[in-house]
Protein chains: 2
Amino acid sequence: MSTSTKPQPEQEPGGTTYTIGELAREFDITTRTIRFYEDQGLLSPTRVGSRRLYRRRDRARLKLILRGKRLGFTLAEMREAFDLYDEAHGEAQQLRYYLSVLDEKRQHLLQQRDDLEATMRELEQSYAHCQQLLEQQERERNGAQRIAS
Amino acid sequence: MSTSTKPQPEQEPGGTTYTIGELAREFDITTRTIRFYEDQGLLSPTRVGSRRLYRRRDRARLKLILRGKRLGFTLAEMREAFDLYDEAHGEAQQLRYYLSVLDEKRQHLLQQRDDLEATMRELEQSYAHCQQLLEQQERERNGAQRIAS
DNA sequence: TTTGCCGTTTACGTCCACGTCAACTATTTT
DNA sequence: AAAATAGTTGACGTGGACGTAAACGGCAAA
């Protein structure tokens, strides 16, 4: 039967593309995770037959998603942000709203930066204190050794 | 019956203390949340009868917990960190392990700082671009007005 | 005394972010 | 032809971080 489906021949009409497995390996996540992100409306790869095909844009979004996760954003939050970004290329109303949302995010990030710096300071303190204790112990051991000899 | 339970009279034997409700209000969380943290081994307030009594130390820990949460640490992680901190006042073995853990955390925070700065930069870019679009629209509106008049 | 108000434990429910099969298809390798 | 490899869609399970009653105790003001 002369099936008209020609899955392979098209040699990437424009730019680099990726399979789901490639992306999974590159970012050290499972394919399940990537499909889940699509389910939640965060990714929308094109299809070649039934297979998903990811372009540079999709890969960039995935990067953003993972970074967002490391910063504690929820998938829903990021979905909103992406949707806004995509639809904010016109009416002033939309643009103004988008600006306000960006400002919120900025506040969030500023708070987080403070948290991060405070935590970093305390961590360094603990570190230094811990080292002091160790050095003191070493000195005590040395002292004991000198006495014993 | 002369019950020997004297819940109130002891006027705070040392330093400030807090009830669970006070802390909940102060940090804008529910009492359920605070009890949950205790369940997970993150807090261990003393008791007056059956009531929980929180001291400055407990309050400080709660602050740490909430900050940790904002930075994406899990409760289990923080529990471990606290346990380590509490028990790392002796053997060199423990101290060395503690140092290594602190180093891990530091790596985490550094990664997060990079993520944060990158996100902040992109956010500012979006912000600026968005403002440009708005200003351009204003100019267009003004132009149209001048023509119409 | 009764009515709030704050506190307690126990237990089940929920939302999020996936993990884990299962059953199937399509291609490539042996 | 058989096996290995990569992909697909369900559907159910899970762990973390609480929410949400339910049922009770203790105390202070009305």
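Reminder, nothing fancy here: chain letters follow the sequence lines and each chain counts from 1.
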Partners passing side chain to side chain donor-acceptor pair (under 3.5 Å) against B:Gln131 (at least two apart in sequence or in another chain): none
Distance-only side-chain donor-acceptor flag, A:Gln111 / A:Asp115, under 3.5 Å: yes
Candidates C:dA11, D:dT9, C:dT9 - which lies nearest the side chain of A:Arg35: D:dT9
Under-4.0 Å salt bridge between B:Arg79 and B:Asp86: no
Nearest-nucleotide comparison on DNA chain C, the residue closer to the 5′ end among B:Ser50 and A:Thr74: B:Ser50
B:Glu122 bridged to A:Lys105 by N-O distance under 4.0 Å: no
Side chain of A:Arg51 - closest among C:dG19, D:dG7, D:dG26: D:dG7
Sugar-phosphate, base or nothing in reach of A:Thr31, heavy atoms under 4.0 Å: nothing
Given D:dT8, C:dT9, C:dA17, the nucleotide with the shortest approach to the side chain of A:Lys69: C:dA17
Sugar-phosphate only, base, or nothing, as touched by B:Arg52 at under 4.0 Å among non-hydrogen atoms: sugar-phosphate
B:Arg32 (side chain) and D:dG19 (base): donor-acceptor pair under 3.5 Å: yes
Touch class at under 4.0 angstrom, heavy-atom based, for B:Arg47 against every strand present: sugar-phosphate
